[in-house]
There are 2 protein chains.
Amino acid sequence: MARETARPAAAPRNYPKGERRRAQIIEAAFTAFGQVGYRNASMVQLAAACGVSRAGLLHHFPTKESLLEAVLETRDRQDGEHFLESGALSQDGLAYFAAMIRLVAHNQANPLIVSLFAVLSSEATAADHPARPYFTARYERTRREMQSAVDDLARRGLLRPHADAAHLAADLVAYLDGLQVQWLLSPDTIDMPDHLRGMLRNVISVELP
Amino acid sequence: MARETARPAAAPRNYPKGERRRAQIIEAAFTAFGQVGYRNASMVQLAAACGVSRAGLLHHFPTKESLLEAVLETRDRQDGEHFLESGALSQDGLAYFAAMIRLVAHNQANPLIVSLFAVLSSEATAADHPARPYFTARYERTRREMQSAVDDLARRGLLRPHADAAHLAADLVAYLDGLQVQWLLSPDTIDMPDHLRGMLRNVISVELP
């Protein structure tokens with residue numbers, strides 16, 4: 001009891017509580033979008049999963065689109081932080097792809113991250129999907145960043161002679177996307193970091209750490 | 001008028017008409033599943049799109065799952081026919097991958113085929129999705145078939161020395177899946193047959209026709 005009263009239960013500033021609630025809603029949407037897709041996820045069910053009323057949910061996210069945006073931002077931030085911590089530098093091709101292997105290993109331990117991206121990126125290929133501009137721009141950015149890493153390897157003579165440097169960024173991004181689907185369906189058959197290492201061996205002439 | 005009366009409008013056997021209606025429903029579902037996903041497609045909207053009542057739709061497909069099954073069967077049959085016509089023989093690795101390039105070129109001219117597969121295969125990664133067993137089995141079969149083609153290339157010494165023959169089938173299937181998503185989002189940036197040819201050059205030491 002002493003402990004309970006010591007807590008600022010009715011503290012005047014409820015900002016942190018609102019932030020926690022917001023984070024909780026994003027987390028529930030993250031899971032729901034990855035499991036049933038954005039279009040099929042229901043705001044009513046999301047509210048229920050978080051123990052808030054529909055009005056409470058709409059207070060934080062007035063539209064489903066705004067919640068989608070928050071989920072994608074969260075996903076990007078987590079990915080970006082993890083990738084940078086892994087030492088990814090697109091100017092250093094070897095460091096970049098070594099970090100990519102570590103990121104894939106990290107994602108393989110977090111299926112929700114993988115399924116969110118696999119489900120939303122495909123769903124977003126529809127002409128009228130609200131996340132289509134986001135994914136189109138995201139792929140362009142990812143190809144550009146990876147291209148810098150590829151260009152660095154080309155300059156240093158670390159690409160195999162037959163590798164097509166102009167296509168390689170799009171190709172490796174494509175490969176990673178498709179690998180996620182097979183892994184989600186057959187997690188015991190596919191080991192993503194192991195496969196990625198093998199694929200990189202096809203195009204890079206030195207072994208990555 | 002003479003023409004109209006000459007037509008067997010009220011012919012006693014309505015089987016062909018029923019077959020046409022069935023094909024029409026499958027076609028509408030093919031489009032809808034590829035655009036909004038299986039879960040989000042509505043039987044009521046599908047019926048309306050085909051100009052049949054809900055009861056009329058349920059006469060042909062008593063459940064949404066049965067319609068999904070028919071759509072996937074149709075897709076597989078079309079793919080299989082086209083692939084075989086292209087001369088694909090998994091015992092002949094070169095013929096197999098040359099046919100694969102032609103199949104990808106064919107699909108690139110038919111975005112509905114591509115989006116159906118991209119959307120459903122990702123959606124089906126959810127544990128409770130009715131198409132999960134289908135896609136799990138389909139990927140296993142595709143990997144096995146492609147593995148025969150890869151093994152043939154290995155036997156004939158046509159794989160590059162660093163290529164990992166044990167991973168290659170899964171890797172190339174993954175690559176093709178991911179390429180579809182980037183192409184659907186940026187059809188002017190990505191040319192799928194061209195990219196595939198380049199990717200195969202990374203692992204096969206002879207140029208494909």
Side-chain angles (χ1 to χ4, degrees), chain A residues 34-40 111 114-115 117-129 132 135-140 143 160 162-164 166-168 170-186 189-192 194-199 201-205, chain B residues 34-40 111 114-115 117-129 132 135-140 143 160 162-164 166-168 170-186 189-192 194-199 201-205:
Chain A
Q35 274 171 355
V36 302
Y38 166 74
R39 280 188 151 125
N40 201 55
V114 179
S115 59
F117 199 78
V119 171
L120 286 189
S121 61
S122 299
E123 194 185 325
T125 57
D128 63 343
H129 197 284
R132 185 178 167 112
F135 277 104
T136 307
R138 190 183 198 281
Y139 277 111
E140 280 169 11
R143 285 194 294 258
R160 296 206 186 267
H162 48 75
D164 179 351
H167 277 186
L168 210 48
D171 288 347
L172 290 172
V173 174
Y175 170 68
L176 285 167
D177 280 355
L179 199 59
Q180 294 185 344
V181 173
Q182 287 185 65
W183 174 70
L184 286 167
L185 288 171
S186 301
T189 308
I190 304 287
D191 181 81
M192 293 197 289
D194 193 33
H195 271 263
L196 174 56
R197 197 179 283 281
M199 174 54 86
R201 210 173 281 133
N202 290 325
V203 288
I204 303 178
S205 59
Chain B
Q35 274 170 357
V36 302
Y38 166 74
R39 280 187 151 126
N40 201 56
V114 179
S115 58
F117 199 79
V119 170
L120 285 189
S121 61
S122 300
E123 194 185 324
T125 57
D128 63 343
H129 196 285
R132 185 177 167 113
F135 277 103
T136 306
R138 191 185 197 280
Y139 278 110
E140 280 168 12
R143 285 194 295 259
R160 296 208 186 266
H162 48 76
D164 179 353
H167 277 187
L168 210 48
D171 287 348
L172 291 172
V173 174
Y175 170 68
L176 285 167
D177 280 355
L179 200 58
Q180 295 186 341
V181 173
Q182 287 185 65
W183 174 71
L184 287 167
L185 289 170
S186 301
T189 309
I190 304 288
D191 181 81
M192 293 196 290
D194 193 33
H195 272 263
L196 174 57
R197 197 178 283 281
M199 174 54 87
R201 209 173 281 133
N202 290 326
V203 289
I204 302 178
S205 58

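Naming convention: chains lettered A, B, ... in sequence-line order (proteins, then strands); numbering from 1 in each chain. The structure displayed is predicted, hence computed values, not measured ones.
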Rounded distance (nearest 0.5 Å) linking atom CG of B:Asp191 with atom NE2 of A:His167: 7.5 Å

Of B:Ser115, B:Ser122, B:Ser121, the residue whose pairing with A:Ser122 passes side chain to side chain donor-acceptor pair (under 3.5 Å): B:Ser122

Between A:Val119, A:Ile190, A:Val181, the one whose heavy-atom pairs under 4.5 Å with chain B are most numerous: A:Val181

Among B:Val36, B:Asp164, B:Asn202, residue most engaged with chain A (heavy-atom pairs, under 4.5 Å): B:Asn202

Most chain B-contacting option - heavy-atom pairs closer than 4.5 Å, from A:Leu184, A:Asp171, A:Leu179: A:Asp171

NE2-CG distance between B:His129 and A:Leu185, expressed to the nearest 0.5 angstrom: 10.5 Å

Winner by heavy-atom pair count (cut-off under 4.5 Å) against chain B, out of A:Glu123, A:Gln182, A:Arg132: A:Gln182

Heavy-atom pairs under 4.5 Å with chain B, option from A:Met199, A:Gln180, A:Arg160 with the top count: A:Arg160

Top contributor to chain B interface from A:Thr136, A:Leu168, A:Leu176, A:Leu172 [non-hydrogen pairs under 4.5 Å]: A:Thr136

Under 4.5 Å from a heavy atom of chain B, the part of A:Phe135 involved: both

Among the listed options A:Asp177, A:Val203, A:Thr189, A:Asp194, the residue most often paired with chain B at heavy-atom distances under 4.5 Å: A:Asp194

Under 4.5 Å from any heavy atom of chain B - which part of A:Val173: both

Interface moiety of B:Glu140 toward chain A, non-hydrogen atoms closer than 4.5 Å: side chain

